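Input: a single structure, listed below in structure tokens.
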Amino acid sequence: MASSVTGTEEVRVSPLTPLKLVGLVCVFLALCLDLGAILSPAWVTADNQYYLTLWVSCWKPVSSVDWSCNSTLATDWQVAMLALLLGGAALTLIAFLMALVFLCVGSRSRCYKPVAIMLFSAVVLQVCSLVLFPIKFIETASMKVYHEFNWGYGLAWGSTIFSFGGALLYCLNPKNYEDYY
């Protein structure tokens with residue numbers, strides 16, 4: 001914490017503002033949700049006969065108790081969607097680490113601009129992947145049973161929303177922050 005004396009009054013300037021701290025928490029939550037979405041066994045499910053993750057597509061024939069699974073990495077759109085999602089998660093991780101370093105070092109707000117830019121970029125990548133996923137899934141699915149996008153897909157949207165919130169908080173930089181509180 002830096003301090004300066006102006007006249008008879010001492011003014012303390014702190015690099016840690018509640019906005020940056022809440023932004024860091026948002027980015028951390030986004031990382032946790034990204035991890036949950038990437039490892040989730042349920043992106044799409046259908047009547048206890050089918051499920052789709054980012055890595056495998058599995059179905060259970062009615063007359064069998066065993067599941068048959070195929071890799072989803074054989075389909076171009078699923079590889080592209082996974083690459084966009086992982087790219088966004090990687091940018092979120094790098095932004096989190098940068099924000100943590102800036103927070104620990106005590107640098108001022110000019111250092112937070114790259115964090116915000118990286119988070120906005122991660123949001124763009126993740127939104128593209130999350131919009132691509134249901135469009136291409138419905139286009140290529142030949143299921144004749146009810147299916148739903150499940151909690152893994154929802155976690156990915158949650159991560160995107162928290163990344164966006166963190167990016168917005170890192171963009172905010174009120175001057176004379178102490179005057180606001």
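In this text the structure is predicted, and so the values were computed from the model without any measurement.
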### Task
Check whether any side-chain N or O of Tyr170 sits under 3.5 Å from a backbone N or O of Lys20 as a donor-acceptor pair, and report yes or no.
yes
### Spatial distance of atom OG (Ser40) from atom CG (Asn150) [nearest 0.5 Å]
7.0 Å
### Query
Do Trp59 and Tyr50 make the cut of ring centroids closer than 6.0 angstrom?
no
### Query
Are any of the side-chain heavy atoms of Leu54 and Leu85 separated by less than 4.5 Å?
yes
### Query
Just wondering, are more than 12 heavy atoms of other shown residues or ligands nearer than 6.0 Å to CZ in Phe164?
no
### Query
Just how far is it from atom CZ of Phe28 to atom CG of Leu93, taken to the nearest 0.5 Å?
11.0 Å
### Query
What distance do Ser163 atom OG and Leu168 atom CG have between them, rounded to the nearest 0.5 Å?
11.0 Å
### Message
If you apply the rule side chain to side chain contact (heavy atoms under 4.5 Å, CB included), what do you find for Thr75 with Thr140, and how did you get there?
### Response
CA-CA 10 Å; Thr75 310; Thr140 59; 5.8 Å; no
### Task
Measure from the side-chain N and O atoms of Ser129 to the backbone N and O of Gln126, and report whether any donor-acceptor pair falls under 3.5 Å.
yes
### Query
Rounded to the nearest 0.5 Å, what separation is found between the CG atom of Leu29 and the CD1 atom of Ile161?
12.5 Å
### Query
Any link between Leu125 and Val27 through a network of hydrophobic side chains (Ile, Leu, Val, Met, Phe, Trp, Tyr) touching at under 4.5 Å?
yes
### Message
Tell me if the centroids of the rings in Trp43 and Tyr51 come within less than 6.0 Å of each other.
### Response
no
### Query
Any side-chain heavy-atom pair from Met81 and Lys136 closer than 4.5 angstrom?
no
### Query
Does the side chain of Ser57 pick up a donor-acceptor pair with the side chain of Asn70 at under 3.5 Å?
no
### Query
Where the side chain of Ser159 meets the backbone of Leu155, is there a donor-acceptor pair that is under 3.5 Å apart?
no
### Task
Looking only at non-hydrogen atoms, find the nearest pair between Leu33 and Gly158 and report the distance.
CD1-C, 3.5 Å
### Task
Spell out, yes or no, whether Phe149 and Val127 are grouped together once hydrophobic residues are joined by side-chain heavy atoms under 4.5 Å, including indirect joins.
yes
### Query
Where is the tightest heavy-atom contact between Ile94 and Met118, given as atom of each residue plus distance?
CG2-CE, 3.0 Å
#### Entry: Check: Thr72 side chain, Trp55 main-chain N or O, donor-acceptor pair, under 3.5 Å
yes
### Message
A side-chain contact here means heavy atoms from C-beta on lying under 4.5 Å apart; do Val44 and Tyr153 qualify?
### Response
no
### Atom of Ser121, atom of Leu91 and distance for their closest heavy-atom approach
CB-CD1, 3.8 Å
### Query
Looking at CZ of Phe102 and CG of Leu97, how far apart are the two atoms once the value is rounded to the nearest 0.5 Å?
11.0 Å
### Summary
OG1 of Thr160 to CG of Leu130, rounded to nearest 0.5 Å, is 5.0 Å
## Note on the structure
Closest heavy-atom pair, Leu169 versus Cys26, reported as atoms and distance to 0.1 Å, is CD1-SG, 4.2 Å
### Message
Please tell me whether Ile117 and Leu31 are part of a single hydrophobic cluster in this structure, the criterion being side-chain heavy atoms less than 4.5 Å apart.
### Response
no
### Task
Measure across Ala99 and Val115 and return the closest heavy-atom pair with its distance rounded to 0.1 Å.
N-CG2, 3.9 Å
### Task
State, to 0.1 Å, how close Gly166 and Leu119 come at their nearest heavy-atom pair, and which atoms those are.
C-CD1, 3.8 Å
### Query
Does Phe162 belong to the same Ile/Leu/Val/Met/Phe/Trp/Tyr cluster as Tyr112, with side-chain heavy atoms less than 4.5 Å apart forming each link?
no
### Query
In the single-linkage hydrophobic clustering (I, L, V, M, F, W, Y; side-chain heavy atoms under 4.5 Å), do Val131 and Leu52 co-cluster?
yes
### Task
Verify, without hydrogens or angle tests, whether Thr53 (side chain) and Pro41 (backbone) share a donor-acceptor contact under 3.5 angstrom.
no
